[in-house]
Structure formats: C-alpha cells, structure tokens
Amino acid sequence: MHITAKELAGLIPADFTLGVATAAFQIEGALDEDGRGPAGWDAFAAKPGAIVEDHSPVTACDHYHRMPQDVALMKQLGVDSYRFSLAWPRIQPTGSGAVNKAGLDFYDRLLDELLANGISPMVTLYHWDTPQALDDTGGWMNRDTAYRLGEFAAIAAEAYGDRVARWCTINEPATVTTNGYTLGLHSPGEALLINALPTVHHQLLGHGLAVQALRAAGVPGGIGMTNVYSPMVPNSINPLDRISAGLMDLAQNRLYADPVLTGKYPDLIRAAKFFSSFEHPDEDMEIISQPLDFYGLNYYMPTKVAVGPGSGAVPASMAEAMGSDLSAVGNGGTPFHVETWPEADITSYGWPVKPDYMRVALKEMAERYPNLPPVIITEGGASFEDIIVRDKSTNTTFIPDERRLKYLSDHIEAALKATAPGGEAETIDLRGYYVWSLMDNFEWSAGYKQPFGLLHVDFETLERTPKASYFWYQELIEERNLAAAAGAAVAQAVTAEPGITDVPDDDVPALGATA
C-alpha cells in the first residue's frame, strides 16, 4: 500500500513544483528534418547491436510533429512545469557557427504553447545529443567542446531567455562519462576506462561556461545543473566492501558534485597519480563552482557495492535490460563491482526499488554540502512492463500500472518527509519533483523496451494513452491545489477579521469539496 493522494498532498509545501520531464533525442524523432544536423547518438544507434533489437530513434514519439497534442495532455494532467531539452544539433547543426532558424522556431512554438497553457518551462541545454561534428573531433575528450556548449547557451539565452523559468545547463555528466566514454554502452561508444577522466572536467567546465553565458545575457530564470545521485551501500560488513563503496561514491557522486558545490575535486582523487592526466588551469574551478540558483538531483535507486571484479560491470538483470553483454566489462579489470538486492522489488531495468534511500541521498547531500542551494528532484521514475486492458464494450483502453504509481508515491513521500522540519535532511530547501517521464520513449541503449511514461505510447500508431499513474498524478496535483485554496481561504478570513484568531471548523472549506 501507499499513502493516498490526499494525504501526500498535505505534505507538499507552498511553491513546491510538480512537473514532468523528457529529453529531445528520446521523444522528438524527425532526425533529418528542417535542417537538423546529425548527432553522435544518430550514428551510435544505427550500429547493429548497439540498441536492443536494433530499435531506431528516427521517429521516436514523433513529438516534433505532435507537440501541441502533448502539451494538451500536460495541461490535462495539471502539471506546474515541464522539463525538456533543446536538441543541440537541431538549433546549431554542427555544434558551432551558424544557427538553424527552423530549429529555433520549433522551441519558440513549444515555449509559447506551454505558457499559453499555464505550464512553466524548465529547459535543459545539453541532454546527451552532442552534434556529430563535435564527436568527430573528440567529443567531451576535447576541451573545446566545453566552449561550444557555452556558445550554445548564449544562443539559447538570446532566443528564449524571456520565457524560461529555470535553466539546467547539463544533464547527468556522470552517465555521459561512465556509459559513453568508460564502458562504451552509450554514444560515442568509447570504452576508455580510466582514460575517460578528461570528459568529467570538460563537461563540468562546459556547465560553468554555460552559466556564465546565461548570466551575461541577463536571463531572469533560475540557473542550475543536474546530476544523478545514488547512495553507495557496502555489500557486507567486510571492510573491503566498505572501502569499495566509498570509492564508488567518489567516482559516481562526489567527482561531479564536489567541484560544482565546493570548488575542488575530492582530495583522494586529486592525490591519485592517474589524475595527473587531468591537468587544468586553476581558473577553471572558479568557472565550474559559480553560485547556482538550484541544484538538480536525479534519483532512481541506491547501489550495492562489493570488492573484487565480480562477474560483470552491472548485475545481469540490468545488463539484459540494456541489451548489452557486460559479462566481460570489468571482469578482472576493476577493483569492485555492483551487486543485486535479493530482498527488493526490482524494475524492468533491474533497478532496486528502495524509496528509503531517497532520504539517504538527501541526508548525504545535506551533510556534505552545508551551502547547498535549493534542490529540485529533476528526475524520478521507474520502468515497468505495462499491461494493456481493453474493454471491447466501450472501446476503451486502461493501463493499471500500480507498481509505477506506488514507486512515485513512495519516493515523493520520502523526499518530502526527509526535508520537512525534523527530517534527516531538514536543512535542504526542496523545491520540486519532476516525474521521468511524461511518456514512454526511446530509452537510449534499451530502445523502446523500458517504458517510464505516465503516458503509454504505441510505437506503431504513436497513439498516447494515459496510464493509472497519470490519473494518480493528476489527482495528487488537484488535491494539492484544493489544499492550497483552503489554506488561502483561511488566511484571507483571518486577515479580513483582525480580531478573530480562531476560525471555526465549519468555516474551513473541506478538501475535495466543490463549489
């Protein structure tokens, strides 16, 4: 069981954002239309065996042509905000130089459509679709790519700065480095292992240069970045497992957060000899650690870590979901590996469902970064196989995705309670939660096999069908709005009658009541 939508709404503070999120490459399609240039992911996805069942992103959800319909579904859902990314090669086809007007116009229309429907835009500048021309010159192994992202930020600021409420410079640099350059599971498909370290610094520098460009343009919207965070848990009481979990924490969490939030890399990493290949000018750290208006946290699961190479880089269930044989990756080549959680429910991706570790993640962030800016959970969600129920008598379709609904409910509840007064992360100013994702989409190397959406997408007809989780989220938002209206009515009554300090219960509108 899980908390009811009405009870959960009662935990939501004022001005807390409830939103949904997507990424351009995963939903737009139209890869060769209206002047869009090729992305590195275009070429990677076309390689035989790179994507589950060789699924193609060429059409994806066809959001490029169906954008008004998708915004209407968001309006119906009632969300406060929509987090989406700009397709870099759609706007700047080669990643430098000339701008493609048709690409600019698409996002102009999207922003106007959102605002016309009362939906606040959060724009991510870079969500992995590096222009192919930049990948051809080294991608994030090349320091120049950071400067190209700064240039792209300036273009976006000039075009859209007046309408964007929040800017996210870069999404999950840890995933780009680990999957794209360390293990070769994502574009550009490089398996460089430890030699991938320069991509960490170059992405963070790109973030800092993008912040500079946005601030130079005077955009009124808040500016932040987002990274995935996974609490690292030792597999046993074995001290070597504890050390392994600590090293994994450095490599996947602190390596990316520390420079942005403290202005330096973790001491152990700076002291390591292999890090000498990672030389950079001192002024880089000032650029990387500029103050932010918010810090975005993508939370999905904790990670259990054990000493030794194990049988592969990730548990077999995850490898199968990603469509990759990872049995050889890290076999004999890494000092630690990821273990399974036998007692936990798992998603179709093989991820453990552990909402309590949302609280752990927030607690760790609060303890590590005393000067942490306001936090937004910029992604949270789960992939589960959906069962489609068709009622022939009414010709309607229903998708009872109770497990996804429960996942979202439990994780939002955990985040709210952890950051409430008396919670283990009460010092964190939590400002919102964005569900990943609005709709089922092209899930990178897993293709269309891992549905995360509140909306089911039939990838043959491209028809969208709301799932039970969509209607639950809709109810949560409605209950939140009713609670806020009731609170405002009470405050107005007290203000109107200064002599009255207690308002009789009969005068308080009941939650859920209608006029």
Side-chain angles (χ1 to χ4, degrees), residues 124-126 140-150 153-154 166-178 196-217 219 221-232 246-298 361-376 378 425 427-431:
T124 303
L125 290 171
Y126 176 72
W140 288 109
M141 288 293 289
N142 185 346
R143 180 181 173 91
D144 184 64
T145 301
Y147 291 89
R148 301 287 69 76
L149 182 62
R166 289 177 175 138
W167 296 89
C168 214
T169 56
I170 192 167
N171 180 81
E172 292 192 12
T175 306
V176 173
T177 291
T178 300
L197 271 172
T199 66
V200 177
H201 186 75
H202 296 157
Q203 287 184 87
L204 296 182
L205 179 60
H207 150 73
L209 292 167
V211 172
Q212 284 188 334
L214 292 168
R215 292 231 161 96
V219 298
I223 302 170
M225 72 166 295
T226 188
N227 199 38
V228 65
Y229 190 99
S230 180
M232 299 297 166
L247 290 172
M248 190 80 159
D249 181 43
L250 282 173
Q252 286 295 303
N253 294 326
R254 293 188 55 199
L255 179 58
Y256 301 88
D258 279 21
V260 173
L261 297 173
T262 71
K264 66 177 185 177
Y265 287 99
D267 293 340
L268 182 60
I269 290 175
R270 288 187 294 121
K273 289 183 178 179
F274 63 75
F275 216 61
S276 62
S277 64
F278 199 44
E279 297 291 340
H280 55 264
D282 291 341
E283 55 266 29
D284 282 6
M285 300 313 294
E286 294 181 11
I287 297 172
I288 289 169
S289 61
Q290 293 168 88
L292 300 176
D293 299 308
F294 69 90
Y295 187 82
L297 206 63
N298 291 352
L362 291 165
K363 179 175 183 288
E364 290 180 353
M365 289 294 292
E367 291 173 346
R368 290 174 178 178
Y369 310 110
N371 298 317
L372 188 66
V375 171
I376 299 171
T378 38
T427 58
I428 286 183
D429 180 5
L430 188 65
R431 296 284 181 88

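The figures that follow rest on heavy atoms only: side chains count, while hydrogens, waters and symmetry mates do not. The residues of the chain are indexed from 1 along the displayed sequence.
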State which residues pass side chain to side chain donor-acceptor pair (under 3.5 Å) with [X]; sequence neighbours excluded, sorted by chain then number.
X    : result
T175 : E172
Y126 : T130, W140
R215 : D293
D284 : R143, H201

What pair of heavy atoms forms the shortest contact from [X] to [Y], and how long is it?
X    : Y    : result
Y256 : V200 : OH-CG2, 3.4 Å
Y369 : A257 : OH-CB, 3.4 Å
G263 : S289 : CA-CB, 3.6 Å
C168 : M225 : SG-C, 3.8 Å
T199 : A196 : OG1-O, 2.7 Å
G150 : A213 : O-CB, 3.4 Å

Any side-chain heavy atom of [X] within less than 4.5 Å of one from [Y]?
X    : Y    : answer
M365 : L362 : no
I428 : L372 : yes
N227 : H207 : no
L149 : T169 : no
F294 : R166 : yes
L261 : N371 : no
V375 : L430 : yes

Evaluation steps, side-chain contact (heavy atoms from CB on, under 4.5 Å), between V260 and I288
CA-CA 6 Å; V260 173; I288 289 169; 4.1 Å; yes
What distance do [X] atom [atom1] and [Y] atom [atom2] have between them, rounded to the nearest 0.5 Å?
X    : Y    : atom1 : atom2 : result
H280 : L205 : NE2   : CG    : 9.5 Å
Q252 : T178 : CD    : OG1   : 3.5 Å
R254 : M232 : CZ    : CE    : 12.5 Å
M285 : K264 : CE    : NZ    : 10.0 Å
D249 : S230 : CG    : OG    : 9.0 Å
D282 : I287 : CG    : CD1   : 11.5 Å

Looking only at side chains, do T177 and Q203 share a donor and an acceptor under 3.5 Å apart?
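Checked: T177/Q203 side chains pair up, N/O donor to acceptor below 3.5 Å.
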Have T226 and N171 got a donor and an acceptor in their side chains that come within less than 3.5 Å?
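Checked: T226/N171 side chains show no N/O donor-acceptor pair below 3.5 Å.
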Go through the steps to decide whether Y265 and L255 satisfy the test side-chain contact (heavy atoms from CB on, under 4.5 Å), and finish with yes or no.
CA-CA 6 Å; Y265 287 99; L255 179 58; 3.7 Å; yes
Under the criterion side-chain contact (heavy atoms from CB on, under 4.5 Å), I'd like the reasoning laid out for L125 against L214: C-alpha separation, chi angles, the key distance, then a yes or no.
CA-CA 11 Å; L125 290 171; L214 292 168; 4.2 Å; yes
My understanding is that only residues two or more places apart in sequence, or in another chain, count here; which of them pass salt bridge (Lys or Arg N to Asp or Glu O under 4.0 Å) with E367?
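Partners of E367 under the salt bridge (Lys or Arg N to Asp or Glu O under 4.0 Å) test: K363.
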Between D429 and P373 (side chain of the first, backbone of the second, donor and acceptor by atom type, cut-off under 3.5 Å), is there such a pair?
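Such a contact is absent between D429 side chain and P373 backbone.
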Does L297 form a side-chain contact (heavy atoms from CB on, under 4.5 Å) with Y295? I'd like the steps, not just the answer.
CA-CA 7 Å; L297 206 63; Y295 187 82; 4.0 Å; yes
Qualifying salt bridge (Lys or Arg N to Asp or Glu O under 4.0 Å) pairs, either residue in residues 202-213, two or more places apart:
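Listed by first then second residue: nothing to list.
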